[in-house]
**Student:** 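Shown below is the structure under consideration.
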Amino acid sequence: MPAPRPVQQGDHVFLVDGSSFIFRAYFQSMNQDARYNYRSDRLPTGAVRLFCNVLHKMVREGVMGNKPTHLAIIFDKSEESFRKEIYPDYKAHRPPPPAELVPQFPLMRDAVRAFGLKPVEQIRYEADDLIATYCRIACEAGADVTIVSADKDLMQLIRPCVVMFDPASGDQKAKGSRPERIIGEAEVMEKFGVPPAKVVDVQALAGDSTDNVPGVPGIGVKTAAQLITDYGDLETLLARAAEIKQEKRRQSLIDNAELARISRQLVKLVDDVQLEVPLDDLVAPGLDARGAIAFLKAMEFNTLTRRIAEDAGLDPAAIEPDETLRIPPGEAPGGAPAAVVAVAVATPEGGAVAVATMEAARPDAGPPPARRVEEVKAALTAVPVDVAAYETVGSLEQLERWIAGAFDAGLVAFDTETTSLDALQAELVGFSLALAPGRACYVPLGHRDKADLFGAGLLPGQVPAAEALARLKPLLEDPSVLKIGQNIKYDALVMGEQGIRIAPQDDTMLMSYVLDGGLGSHGMDELSERHLGHKPIAYSQVTGTGKARISFAEVPIDRATAYAAEDADVTLRLWQLFKARLVAEGMVPVYETLERPLVAVLARMEAAGIMIDRQILSRLSGDFAQGAARLEAEIHALAGETFNVGSPKQLGDILFGKMGIPGGRKTATGQWATGADVLEDLAAQGLELPRRIVDWRQITKLKSTYTDALPGYVNPRSGRVHTSFALAATTTGRLSSSEPNLQNIPVRTEEGRKIRTAFIAAPGCKLISADYSQIELRVLAHVAEIPQLRQAFEDGIDIHAMTASEMFGVPVEGMDPLVRRRAKAINFGIIYGISAFGLANQLGISREESGAYIKKYFERFPGIRDYMDATKADCRANGYVSTIFGRKCHFPAINSKNPSERSFVERQSINAPIQGSAADIIRRAMARMDAALAGAKLSARMLLQVHDELVFEAPQEEVEAAMPVIAAVMEAAPEPALKLRVPLRVDARSAGNWEEAH
DNA sequence: CGGTTCACG
DNA sequence: GACGTACGTGAACCGA
């Protein structure tokens, strides 16, 4: 450390706001390739790396030609600022820092020391107060000061001897949305409308929602600036408040004078802190190259290590890494549950995981997660949703202020309003932004005059859409600003149509799904009621329903603002809660690896769509129509009367009433049951009519659900069919597909398979279908640890034949197909939570016989009964079961008094970990697929997921290269989080259509 | 809008 | 010992 030297005229003091820098660096790091963000032992280091780069540059080159003579890196000591003593809610609703950032706080300080500097921090004071104090002392000594920060709260310090420098994306090649810049008096005037000395007065009136400074309700920066300019300062204004003409404003100022004074105290920086480290001690070092290299090597920052070594003429290999920065292996796990640690330690994406453990090990990581959740909950309703006043943005200037606010906050809740639920057909009508609870706006773009019959007339008071979107794009694409949405895949698709990406993003619907899957739906209205105790304005309330329903474009703008801004506000509040809960409940790895990455993946798949051959479908429709007509005539003849063949009620009456066929069964509602199983039974007795009904039903089903309906889903712009995948719809973690459902395209019958030939590859391309073989049985073999099953999968033996062989003692060679079929049914039954009744039904045998099979099965595979019993007990004790990757499936009815309901839930709880683990595996494969294909220089793209199958489209010439890449990603999907005890196998085929590829 | 049926995994 | 059943989906159609 260099010797102290008094600051004097001509010196240049650099004051770096370390705390705000950390957050910036973190969000920036989130946008780069994940492997740069972790050390080889999964310690998250991305923010530290960016911090070191800038620190190095500052020491070496200075800023804007000025090199520092004195340099202080200043941090917030803790959250217990003296401001909390004045106003307990100060910074109260700050979300907790991202989990991956937490272990980096102490590393930042280590970095500062390694560069030969002293991190400066003082209890009770924020970094800003220390900066203010150093600033005053330096100016009094006649030196110049550069404050390195982007925090607007520091702007009050600017004066002739003080400038601010915003490193923003400074040394990145990033686009020019936020160039690095010097902030002087002119820039402060521009932002606050007053000179720096009066900034605190403006902030006292306008408040600051990110820090929870209350201000005076109804007064924003603009009004505040006007008032301060008119009256000179805050005290004069408050003294003469009675003179103000606008009634509401006058009253608000009179009522809230004290609040304004408190606010001023909160924003006014203290510049007479008793400094523990005198300014004179902070002499800028010549770089301590050896110390820096030891640190950088320990962090594994190779590029910067090399650069510094070169500059200093040192051999980096000769310098030992600083091993004190290694976390001893025994220290990490802390008190985390063993299961979580096991998942965590190995997850590649899961720096997050390493973090959960790290947090426990670091005493200075902030309040414990559970307390944090309570704090967030308490703060959430500080500004009730009901009374929040939302802003309608009617000018570009206004929009720019909100966008700047989002950049400052580093996060924004975002929501689009459109004319359609189909994102790819929807027209954008407006969007809303929320920056803090109660602070939200709506930006109308395409609201039309309802009275204008020609529909062209845009209502006045809206921002020109093209220009608004041009302003919005840099925000939505900026890596340092987190975009928060409720079902943000929809908004991503809508914005994608405008050529705008949304990244990075978080989704409250998915957070809720991870936290509370099985405990209710994850729609926003319900989440708001459940967690915020607030019922938001319903969509139908603004658009009406049924015949009177209007397009959102016709909703009056004030109504639209109330609705849309509230949605963004609610989304933001939910995010704060869920973010804290994910940490507290140990669900960060599940969210980060199984949910968050899937948003972009599915958006791409949906946008890609799949090509269909309409000619094939129309020909099939014709064939089916003929077949159905012929069958219908025969059915009427056999019945002796015409009736609606599609009516189960009429059919039941004819079969079991008029014709008096015995052995009918009734459904829950007392109607005659006429399902295929019943009709098949009757057909087996030699009856003609039921056979024809079954055939008729099959044909009409294929016609109405597929061949007739699919062409109607072709998007006119792309000429392809775009399904919508739901990520948060099932109780097990599976996806679902709708409009159209492309996960139930026929395959089991020959007639049905013809429909698959209509799903085709684009010209010059092929479809590739890759599916997991027996994935659920393999998962079962893994979780229940069944040695015979494991061995069979290891050896690649026919699993159903093996089961039959074990149970009935017959050799696999030359096995009776009927015996194998029974074993297969039992295997599936096991996965479904077997019952004698169900198995008997499936096999058409007696319950006694099926019960004997099950007994036999459990004798041969006792591990499976143990697994089932353990799973049920687990569910009863916790109310949920977990997949092998830690996804929770809640079953609150597990302890139901109703025996039938209870056994139903027990079967669900047995099935869920198996089905859900398989779903997790394919999700992991999907999350990695695009990067793997791109890494192999392949342009193949994923189009569909059908639970255990992925469908791709690839240029003909790369099909052979793509298939092994796809299979490898799928087969290795559980790793490295888990190594299954059984191998996974994937079969991949290619062809011009889906039928042949499958 | 609930019930029934049937397409898929 | 009663109770209705295989697990998970979405779409079409009927009939109130």
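Convention: sequence-line order gives letters A, B, ...; per-chain numbering from 1.
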**Student:** Heavy atoms only, 4.0 Å cut-off, all strands: where does A:Pro899 land among base, sugar-phosphate and nothing?
**Tutor:** base
**Student:** What one-letter contact string describes nucleotides 10-16 of chain C from 5' to 3', where B marks a base within less than 4.0 Å of any protein heavy atom, S marks contact via sugar-phosphate atoms alone, and - marks no contact?
**Tutor:** BBSSSS-
**Student:** Just checking A:Gln698: base, sugar-phosphate only, or nothing, at a heavy-atom cut-off of under 4.0 Å?
**Tutor:** sugar-phosphate
**Student:** Counting any heavy atom closer than 4.0 Å, what does A:Gly833 reach on the DNA or RNA strands: base, sugar-phosphate only, or nothing?
**Tutor:** nothing
**Student:** Quick one: does A:Arg902 reach the base of C:dG4 with a side-chain donor-acceptor pair under 3.5 Å?
**Tutor:** no
**Student:** With a non-hydrogen cut-off below 4.0 angstrom, is A:Ile745 in contact with a base, only sugar-phosphate, or nothing?
**Tutor:** sugar-phosphate
**Student:** Which class fits the ring pair A:Phe808 and A:Tyr853: parallel under 30°, tilted 30 to 60°, perpendicular over 60°?
**Tutor:** perpendicular
**Student:** Is A:Ala912 touching bases, backbone alone, or none of the nucleic acid, heavy atoms closer than 4.0 Å?
**Tutor:** nothing
**Student:** Under 4.0 Å, counting only non-hydrogen atoms across every strand here, what does A:Ala918 touch: a base, just sugar-phosphate, or nothing?
**Tutor:** nothing
**Student:** How would you label the contact of A:Leu839 with the nucleic acid (heavy atoms, under 4.0 Å): base, sugar-phosphate, or nothing?
**Tutor:** base
**Student:** Indicate, with a heavy-atom threshold strictly under 4.0 Å, whether A:Arg847 touches base, sugar-phosphate, or nothing.
**Tutor:** base
**Student:** How is A:Phe837 classified with respect to the nucleic acid when contacts are heavy atoms under 4.0 Å: base, sugar-phosphate, or nothing?
**Tutor:** base
